[in-house]
Amino acid sequence: MATHLSAADTRPRHKRVLPGLSLSLGTSLLFISLILLLPMAGLVMQSVDMGWDRYWQVITDERVVASYKVTLWAAALASIFNGFFGLLLAWVLVRYDFPGRRILDALVDLPFALPTAVAGITLATLYAQNGWYGEILESLGIKVAYTPWGIVLAMAFTSIPFVVRTVQPVLEELSPEEEEAGMTLGASDWSVFRRVIFPALWPALMTGIALSFTRSLGEFGAVIFIAGNMPYVSEITSLMIFVSLQEFDFPAASAIASVVLMASLILLFAINIWQARYLRRLHGRS
Amino acid sequence: MSILIENISKKFGHFQALSPLSLDINEGEMIGLLGPSGSGKTTLLRIIAGLEGADTGRIQFGDRDVTNLHVRDRRVGFVFQNYALFRHMTVADNVAFGLEVLPRKERPSATEIQKRVQHLLEMVQLEHLASRFPSQLSGGQKQRIALARALATQPEVLLLDEPFGALDAKVRKELRRWLRGLHDELGFTSVFVTHDQEEALELSDRVVVMSNGHIEQIDQPGALYASPNSRFVFDFLGNANVFEGKVANGKWHNQQASIVLPHSVIEQESTEQKDGQLYIRSHEFFVSKEPTAQANLPLRLIAINPIGAEVRLELTPIDWQSNDVWEIDLPHKAFDKNCFEKGQTLYVSPKAAYFFAHDAQQPVLLNWEASKV
């Protein structure tokens with residue numbers, strides 16, 4: 001240490017002015033490793049143990065494949081629905097001032113705060129044949145609870161905040177001048193929305209929909225109560241993991257889980273890369 | 001197209017942004033709305049555009065009453081202060097926007113649009129940037145693209161909100177000249193907002209000076225400079241030093257300082273011999289190291305700034321009161337001859353001044369040099 005105290009060494013040795021990089025980055029990496037990477041590695045290890053043939057057999061089992069289809073379809077429908085409805089909700093919350101706006105704004109987070117099982121039971125009760133909504137829909141010949149539509153409903157409910165909360169800040173920061181410029185150039189309201197506002201919202205909206213989709217892929221609590229869980233019809237992949245676990249077939253459970261994990265990761269990376277490209281064009285860092 | 005503004009007023013909550021005001025703009029004229037921030041100039045511009053509705057009054061473009069017409073139907077070109085280019089569109093798409101959104105019947109064909117865009121980009125001398133995005137342009141380039149976009153639909157009225165506010169001095173000067181050329185060539189009627197007096201005086205056919213939501217004076221630049229009709233206009237057009245004086249024994253006194261009344265005033269006896277303020281422009285001074293027969297205004301020299309063709313002296317009063325630092329411009333020749341130094345006490349005498357008596361709104365022009373003869 002003593003040799004470091006020579007006069008030449010008293011000048012600051014770091015180029016960065018902001019302190020704490022190594023400490024904060026180190027802590028972050030440690031936590032990411034502990035709570036994300038390690039469990040994921042464990043998951044992969046479990047499946048590796050079982051050998052490739054067995055792994056392939058488990059993940060391509062007819063009942064499991066049917067669950068992939070149901071999950072993907074339901075998640076796709078739910079996230080597309082959320083794309084529309086979430087955009088509308090964000091628009092209303094940002095653009096207009098009306099009594100109860102703050103309450104509505106707070107309510108958007110409810111699906112995050114509510115235990116998903118509670119949400120599932122509530123939805124199932126409401127949409128059951130003798131429930132408040134179920135009765136009305138029944139008279140119209142529509143069944144929601146204990147059908148794949150119930151899955152879509154539960155998924156949409158639990159993942160709508162993703163869309164609202166990603167679109168909202170972008171919408172808030174949109175400069176009114178661009179819209180005004182559009183109008184002075186003679187564009188109709190619809191043209192201004194389609195050509196000026198929407199392109200600015202598009203990246204955020206896509207991210208929101210993608211997050212909503214990935215969340216829906218893994219949704220369990222809310223779905224199982226309303227899905228009916230009929231094999232080949234309304235079983236979701238998360239349930240298949242759960243079923244395997246209950247049979248104490250841990251390798252099979254991890255194998256199926258690894259498929260869900262891969263799907264989510266690929267989707268997240270894809271959307272990130274796409275968004276980075278789009279934003280780079282907007283902000284001119286190409 | 002001529003623009004007629006009649007009794008337009010606007011309130012934001014309790015704030016009277018515009019008191020009822022009227023303004024007549026001739027076809028092909030270039031009008032500068034000049035005023036400090038909060039004077040209502042931008043509000044007036046936005047009301048002309050239709051981006052803001054007026055509470056009272058009427059606006060007419062030519063024979064067309066546009067008071068209740070939506071902004072998109074008024075067919076004005078509007079250039080925003082921060083350009084407001086569409087960030088996700090290329091330069092060419094930005095310029096084409098106004099043509100692309102025309103109703104199908106009026107919309108030119110795709111090739112025609114392309115040709116028009118090409119022509120507009122040539123006009124603003126930026127055809128090589130057609131496929132760039134706005135974020136890749138400099139401020140001056142963005143401004144020119146914003147102009148090209150506004151002119152794409154060939155509006156007869158062009159409105160500009162602080163068009164050169166965010167640009168550096170050199171680019172600003174260049175663009176100003178270029179805009180003036182474009183205006184003269186295409187013959188549209190333009191109204192622009194600025195807080196820069198030099199810009200307003202250089203660019204406009206007539207300048208409208210505004211303060212606190214009303215119009216102080218409308219005049220051609222030369223006339224405005226020669227005869228400002230109120231204290232506000234004088235203050236705002238700048239470069240004037242104010243001497244607050246009380247009349248006694250043929251002199252205006254301010255503590256130890258005094259200025260002799262010019263002959264023209266003495267001859268008029270009592271009518272003009274009043275207390276009041278003398279506004280003296282910075283170049284209307286004679287500077288010496290001793291008091292003169294005409295004035296005893298001692299000042300301490302605190303800064304010497306060579307600016308272009310002149311040297312600007314900054315001085316503070318000695319033993320008399322003035323709210324501001326006095327600025328006096330001298331030609332280099334006169335400055336070099338005298339070898340003034342910082343900290344020196346100097347005496348200045350006005351050659352000409354505008355006098356506002358305390359009870360008067362209109363100034364009287366005074367001249368000492370003429371009276372010497």
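Because the structure is predicted, anything quoted here is derived from the model rather than measured. Quick note: numbers below take in every heavy atom, side chains included, and nothing from hydrogens, waters or symmetry partners. Order of the sequence lines fixes the chain letters, A, B, ..., with proteins taken first and strands second; residue numbering starts at 1 for each chain.
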If you count heavy atoms of other groups shown closer than 6.0 angstrom to [atom1] of [X], is the number above 12?
X	atom1	answer
A/Leu34	CG	yes
B/Gln114	CD	no
A/Phe31	CZ	no
B/Trp178	CH2	yes
A/Trp73	CH2	no
B/His119	NE2	no

* Structure fact -> Here the pair of heavy atoms bringing A/Arg195 nearest to B/Glu100 is NH1-CB, 3.7 Å
* **Closest-packed option against chain A by number of heavy-atom pairs under 4.5 Å, given B/Val76, B/Thr153, B/Asn82** =>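 The answer is B/Asn82.
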* Asked: With B/Arg180, which residues qualify under salt bridge (charged side-chain N to carboxylate O under 4.0 Å, His left out), at least two apart?
  -> B/Asp184, B/Asp205
For [X], is it the side chain, the backbone, both or neither that has a heavy atom under 4.5 Å from a heavy atom of chain A?
X	answer
B/Asp73	neither
B/Leu99	neither
B/Ala152	neither
B/Arg75	neither

* To do: Determine which residues belonging to residues 150-184 of chain A lie within contact range of chain B, meaning some heavy atom pair is under 4.5 Å apart, and list them by number or answer 'none'.
  =>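 Result: A/Leu174, A/Glu177, A/Glu178, A/Glu180, A/Ala181, A/Gly182, A/Met183, A/Thr184.
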* Residues in residues 74-97 of chain A that sit under 4.5 Å from chain B, counting heavy atoms only -> none
* Heavy-atom side-chain proximity of B/Phe97 to A/Val196 below 4.5 angstrom -> yes
* Test log, rule side-chain contact (heavy atoms from CB on, under 4.5 Å), inputs B/Arg72 and A/Val192 -> CA-CA 11 Å; B/Arg72 73 171 64 96; A/Val192 169; 5.7 Å; no
* Going from CD1 on A/Ile197 to CZ on B/Phe86, what distance comes out if it is rounded to the nearest 0.5 angstrom? -> 10.5 Å
* Any residue meeting ring pair (Phe, Tyr, Trp, His ring centres under 6.0 Å) with B/His195, in chain and number order, not counting sequence neighbours ->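 Result, ring pair (Phe, Tyr, Trp, His ring centres under 6.0 Å) vs B/His195: none returned.
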